[in-house]
Amino acid sequence: MCGRFTVKTPAIKVGELFDLSGIDDFEPRYNVAPTQSVPVIRREEGTTKRELVWMRWGLIPRWAKDLSVGAKAINARAETIAEKPMFRDAYAKRRCLVIADGYYEWKASGKKKQPYYLHFPDARPFAFAGLWERWTGPTESVTSFTIITTAATGKLAWLHERMPVIVPPEHYPLWLPGNGGVSDIPVGINDDLIAEPVSSLVNKVSNDTAECIRPIESNNLLD
DNA sequence: CCAGACGTTGTT
DNA sequence: GTCTGG
DNA sequence: CCAGACGTTGTT
DNA sequence: GTCTGG
């Protein structure tokens, strides 16, 4: 699955890689947690352009009475998003690319949990397949998103049952429907992912520093 | 019909 | 143990 | 996902 | 809002 991730790449570089223009700057994030807001890419309404929008992690459906509903929907199963009432509208009309350059998984070994940091060899940024929704409450309006998961492939299966769907760059246009078209979930490109154990994450979510990534071993343990 | 959930993961 | 907040 | 709380009454 | 369970 995907319960924490990083966005360390400078905004300027993200803008280049994802073909965005005139985006706002943002600080690197080393430990993004659910309910926090991060920059996400979606199709600008009524145009063919991509835009960067800050969204809260955890999809809040339109019918929610309050924000708390979103905390339970940080992931959506690829197998069922087309049918689930909570996700189907967003799946048909409101997809997004969640910018990241790594994410965390926890592997239980005995009574302890070992966090692993997964990333590409060159720390290259990538995009999770996401869905977004706009919720309007009595006093505020919030745009939120969820990250799609699927069954882990053989290479990552040793670590986890589920993995986030990563959209290959060539599928970005397909995933962000600019013409109303709907495509299937793109196949992830996780084969190059490296998983390395980290000593721990920071205790407090708000302590959003590089300290949370401290490899124990430099070798990747995928093989 | 109304009331209550609407989600995922992991662990037992 | 289970729920809430981040 | 993890970390931290998890309760009430009355008094300052 | 819409679906499920009773």
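In what follows, chains are A, B, ... by sequence order, proteins preceding strands, each numbered from 1. Bear in mind the structure is a predicted one, so any value in this text is a computation, not a measurement. Below, all heavy atoms of this structure are taken into account, side chains as well, without hydrogens, waters or symmetry copies.
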What is the separation between atom [atom1] on [X] and atom [atom2] on [N], rounded to the nearest whole Å?
X        : N     : atom1 : atom2 : result
A:Arg29  : C:dG6 : CZ    : P     : 14 Å
A:Ile74  : C:dG6 : CD1   : C1'   : 12 Å
A:Lys112 : D:dA3 : NZ    : P     : 14 Å
A:Arg162 : B:dG7 : CZ    : C1'   : 12 Å
A:Phe87  : E:dG1 : CZ    : P     : 20 Å
A:Lys72  : D:dC1 : NZ    : P     : 15 Å
A:Asn75  : B:dT8 : CG    : P     : 9 Å
A:Glu79  : B:dG7 : CD    : C1'   : 14 Å

Any [X] side-chain nitrogen or oxygen under 4.0 Å from OP1 or OP2 of [N]:
X        : N     : answer
A:Thr80  : B:dT8 : yes
A:Arg77  : B:dT8 : no
A:Lys113 : D:dC2 : yes
A:Thr149 : B:dT9 : yes
A:Arg88  : E:dC3 : yes

* Asked: Are A:Trp135 and A:Phe145 an aromatic pair by the rule of ring centers under 6.0 Å?
  -> no

* Asked: Can we call the ring centroids of A:Phe5 and A:Tyr104 under 6.0 Å apart?
  -> no

* Does the side-chain ring of A:Trp63 lie flat on the base of B:dC6, meaning centres under 5.5 Å and planes less than 30 degrees apart? -> yes

* Looking at A:Phe120, A:Tyr117, A:Phe128, A:Tyr30, which hits ring pair (Phe, Tyr, Trp, His ring centres under 6.0 Å) with A:Tyr103? -> A:Phe128

Under 3.5 Å: donor-acceptor pair, side chain of [X], backbone of [Y]:
X        : Y        : result
A:Asp101 : A:Lys8   : yes
A:Arg162 : A:Thr149 : yes
A:Ser144 : A:Ile60  : yes

* Structure fact -> Side-chain contact check for A:Trp106: nearest option of D:dC2, B:dT9, B:dT11 is D:dC2

* Structure fact -> Of the listed C:dG6, B:dT11, B:dG10, the closest approach to the A:Ala108 side chain comes from B:dT11

Determine the interatomic distance between [atom1] on [N] and the same-named atom on [M]; round to the nearest Å.
N      : M      : atom1 : value
E:dG1  : B:dT11 : C1'   : 34 Å
B:dG10 : D:dC1  : C1'   : 12 Å
B:dG7  : D:dA5  : P     : 31 Å
B:dC6  : D:dC6  : C1'   : 26 Å
C:dG5  : B:dG4  : C1'   : 24 Å
D:dT9  : B:dC2  : P     : 37 Å

* Would you mind classifying the nucleic acid contact of A:Glu161 as base, sugar-phosphate or nothing, using non-hydrogen atoms under 4.0 angstrom? => sugar-phosphate

* Asked: Heavy atoms under 4.0 Å, any strand shown: does A:Phe5 hit a base, just sugar-phosphate, or nothing?
  -> nothing

* Structure fact -> Under a 3.5 Å limit on both distances, the Watson-Crick or wobble mate of C:dC3 is D:dG4

* Of A:Met1 and A:Lys65, whose closest DNA chain B nucleotide lies nearer the 5' terminus? -> A:Lys65

